[in-house]
Amino acid sequence: MTIESDYKFFPERKVTVIRAPFNGGQGKLGVELGPERMIEYGLLDDIKEQGWSYEVKDPLKGSDWNAMRNDSSDVYNNCKRPHMVSECCQKIFETSTEARRKKTFPITIGGDHSIGMSTLLAFVNSHPDGGIIWVDAHTDINTPSSTESGNLHGCPVAFAMGLDQEHWPSHFDWIKQLKHLVKPSQIAYIGLRDVDKGERKILKELGIAAFSMHHVDKYGINEVVQRAMKAVNPSGEAPIHVSYDVDGIDPQYVAATGTPVRGGLTLREGLFIVEELAASGVLAGLDIVEVNPSLGATEMHMVDTVNAGLSISRCALGETIL
Ligand SMILES: [Mn+2]
């Protein structure tokens, strides 16, 4: 059932679905199939059913990403494929910015989480006072210097915040030209359980609101969500964007993802976050990333994971249980 919760920033209830079939920020093939599979399993019908109209954008169409992925010269120090990641992210940034200009609700479907830099930057350049909730097992705030794996899907928050700019590959110079970057006070994490040493240091130094699984256990998911919303949106009036890595949810429910970590959110806790944000009336954008239909030991793992992504999207658009 859908309650006509008023979406303060989207009175016309229009969604822009941004397909981001991107895999360059990490090592595993298959995550580029996420958008296709989610659409095949009913994403667009779900959007209509929740009372929204939609358009679909495909900013990466026409680029030979396979060739870019296999370009072995695309490295910078430890960072893998900076050229590919930057170029893709810039395209998604432009599409996302356009969606915001038209006052539509952007739902960006990954692909790996590197694309989070694009959606966050488009968001804060449209809403400099906006808040961001990053649901994830990981903080994804490594910098090009601190990353151990060199996989840039572990770095999008650092790029969106402009951290460690002096060590950035030059491909990312477009970010330095933007008027607004994400400020530490604008972002809160929920679901953390695998944070690198260097990342822990950054969180502490910048005073970023971070709610780990320990906090979820201790206070309960409701209290954690309320605190996260308060941290990034003290007035309660500003828009909130959610970047949702499905690996925030426990692999028991979401197995078909590239970097699963046990001890995560239950499916209900994961959906509650989005239900609560939707009910607040200030939800203003969603990324669903790291669905990898090629992973998981069985077909059922893939189906469960895709369906979890679809449930997240429906809850964000207003689906409630009663
Ligand atoms: Mn992530």
Side-chain angles (χ1 to χ4, degrees), residues 18 20-28 30-32 34-35 38 79-81 85 88-89 92 96 107-121 123 132-144 146-161 163 182 186-196 198-200 202-203 208-213 216 228 241-251 253-265 269-270 273-274 285-293 295 305-306 308-309 312-313 316:
I18 303 172
F22 182 70
N23 63 18
Q26 47 82 63
K28 293 174 186 165
V31 71
E32 73 282 359
M38 285 183 62
C79 299
K80 295 170 185 156
R81 299 178 215 91
V85 172
C88 151
C89 283
I92 295 167
S96 186
I107 300 184
T108 304
I109 311 292
D112 77 53
H113 215 166
S114 356
I115 61 152
M117 75 179 79
S118 337
T119 57
L120 262 50
L121 286 165
F123 176 60
I132 294 152
I133 293 185
W134 191 279
V135 183
D136 207 316
H138 316 87
T139 42
D140 296 349
I141 198 167
N142 267 304
T143 69
S146 79
T147 171
E148 285 169 30
S149 69
N151 287 325
L152 292 178
H153 77 154
C155 305
V157 179
F159 281 111
M161 292 182 58
L163 305 181
V182 174
Q186 280 182 293
I187 185 165
Y189 291 101
I190 299 179
L192 302 176
R193 55 198 183 276
D194 183 8
V195 182
D196 295 345
E199 294 184 298
R200 228 174 282 166
I202 294 171
L203 293 186
I208 294 173
F211 300 95
S212 70
M213 286 313 299
V216 174
H241 176 88
V242 179
S243 199
Y244 207 124
D245 188 324
V246 295
D247 76 21
I249 299 175
D250 194 86
Y253 310 96
V254 167
T257 188
T259 48
V261 190
R262 63 192 183 151
L265 299 165
E269 287 169 337
I273 297 168
V274 204
L286 174 69
D287 312 328
I288 306 172
V289 299
E290 301 285 355
V291 170
N292 186 331
L295 299 178
T305 306
V306 171
I312 291 165
S313 148

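In each ligand, atom 1 is the first atom listed, and ligand 1 is the first ligand listed.
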How about the Mn ion (ligand 1), which protein N, O or S atoms come within less than 2.8 Å? H113 ND1, D136 OD2, D140 OD2, D245 OD2

Side chain to side chain donor-acceptor pair (under 3.5 Å) against S118, all qualifying residues, sequence neighbours excluded: none

What pairs with P293 under side chain to side chain contact (heavy atoms under 4.5 Å, CB included), at least two apart in sequence or on another chain? L33, R37, V291, M302

Regarding D247 and T257, do their side chains bring together a donor and an acceptor under 3.5 Å, going by distance alone? no

Shortest non-hydrogen separation from S96 to T119 and the atoms involved: OG-CA, 4.2 Å

Please state whether the rings of F123 and H241 are parallel, tilted or perpendicular, taking 30° and 60° as the class boundaries. tilted

Results of ring pair (Phe, Tyr, Trp, His ring centres under 6.0 Å) for F159 - residues two or more places apart only: W168, F172

